[in-house]
Amino acid sequence: MTLTLARGPSLTEQAAAHIRSRIVHGTLQCGEPLSELALAQELGVSKTPVREALLELKRQGLVEIHPQRGTFVFEMSSAQVVQLAEMRSILELAALRLVMDRNRDALRRRWAELVADMNVAMANGNTEDYRVLDGMFHQAMFDLAENQFLSETFTVIAFRIQALRNRLSLNPALNEKSHGEHKRLLELVTNNDNEEVVELLAWHIEWTRSSYLELLGMPAADDRPTRERRLKAGK
């Protein structure tokens, strides 16, 4: 007897995608409690796929599960925000160097397309589209770097980065600054200014970290390296 398997995402995958989207886009706030029953009723499924989805989101760093207390959207301390930015810097600078060596023209074309779409989103005041494009701008480096393991490592932190990015995008002034730096990154790649584009990307990531700490009223760690020392270490 031949079995015919149903195609398409499983209920667990669909539940995980739905909850992930709500967390990343800020509909579910950092630290907010999550009810398996409420989510199951909202999605029209049993609690089992929701429970399995929450376990998957825990592995992705978007959910915290505390025995006897419950399940919550992830939260980050100031030290964790700094550590996330450090890891992001290590991975993105590595991806940028690889892609400039291997696929510079492809990166330039992809970034040019995304910046053009960003221009439209900014002109229309569409922050939701802009923040999605922002994530795609950075993901493009990993897509074109031709290193499977680097890309897989970035995936571990990518959803948390996007969740923090989305919260910053609610500030129009921060979007303007971010957009200006994306346009400058494109210009530097187009002009083959390798060292300058690496330095600007490092600064762009550090600025994002500082902006998020400021948004949350978190103290920055005083014993972290200065910007100049960070950039020097990244070269």
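Keep in mind that the numbers below use all heavy atoms, side chains included, and drop hydrogens, waters and symmetry copies.
Looking at P49 and E13, their side chains never come closer than 4.5 Å, going by heavy atoms from C-beta outward. Here the side chains of K58 and T71 are not in contact, with every heavy-atom distance at 4.5 Å or above. Side-chain contact check for E146 versus D101: every heavy-atom pair is 4.5 Å or farther apart.
Not a single donor-acceptor pair under 3.5 Å links the side chain of E92 to the backbone N or O of H138. The closest donor-acceptor contact from the side chain of T190 to the backbone of L186 lies under 3.5 Å.
Q162 contributes atom CD, which lies 10.5 Å from atom CE of M136 (distance to the nearest 0.5 angstrom). Distance check, rounded to the nearest 0.5 Å: CD of Q139 to CG of L114 gives 11.0 Å. Between atom CD1 of residue I205 and atom CG of residue L201 there is a gap of 4.0 Å, rounded to the nearest 0.5 Å. The structure places CG of D193 at 11.5 Å from CD of E199, a figure rounded to the nearest 0.5 Å. Note that CD1 of I19 is 6.0 Å distant from CG of L43, once rounded to the nearest 0.5 Å. The structure places CD of E214 at 8.0 Å from CG of L174, a figure rounded to the nearest 0.5 Å.
Listed by chain and residue number, M76, S77 satisfy the side chain to side chain contact (heavy atoms under 4.5 Å, CB included) test with Q80 (two or more places apart in sequence, or in another chain). Not a single side chain to side chain donor-acceptor pair (under 3.5 Å) links D117 to another residue, sequence neighbours left out. With sequence neighbours excluded, the residues satisfying side chain to side chain donor-acceptor pair (under 3.5 Å) with Q60 are R20, E56. A search for ring pair (Phe, Tyr, Trp, His ring centres under 6.0 Å) contacts involving F137 returns W111, H182, not counting sequence neighbours.
Considering every non-hydrogen atom in both H204 and S178, the closest pair reads CE1-OG, 4.0 Å. When all heavy atoms of I23 and V63 are compared, the closest pair comes out as CD1-CG2, 4.0 Å. Closest heavy-atom contact between C30 and V73: CA-CG1, 3.8 Å. V115 and H179 make their closest contact through O-CE1, 4.0 Å (heavy atoms, listed as atom of the first residue, atom of the second, distance). Here the closest heavy-atom approach between residue M87 and residue I157 is recorded as CG-CD1, 4.0 Å. Looking at every heavy atom in both residues, V198 comes nearest to L93 through O-CD2, 3.6 Å.
A salt bridge is absent between E181 and R184; no separation between the charged side-chain nitrogens and carboxylate oxygens falls under 4.0 Å. A salt bridge is defined here as a Lys NZ or Arg NE, NH1 or NH2 lying under 4.0 Å from an Asp or Glu carboxylate O, and E32 with R22 fails to meet this definition.
One side chain, H18 or E42, offers a donor N or O that lies under 3.5 Å from an acceptor on the other. No hydrogens or angles considered: nothing links the side chains of R102 and N147 as a donor-acceptor pair under 3.5 Å.
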Derivation of the side chain to side chain contact (heavy atoms under 4.5 Å, CB included) call for R209 and L84:
CA-CA 9 Å; R209 179 213 66 182; L84 181 66; over 6 Å; no
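Within the structure, ring pair (Phe, Tyr, Trp, His ring centres under 6.0 Å) pairs that include any residue of residues 143-171 comprise F142-F154 (at least two apart or interchain). Evaluation of the side chain to side chain donor-acceptor pair (under 3.5 Å) test over residues 44-54, restricted to residues two or more places apart or in two chains, returns T12-E52, E36-R51.
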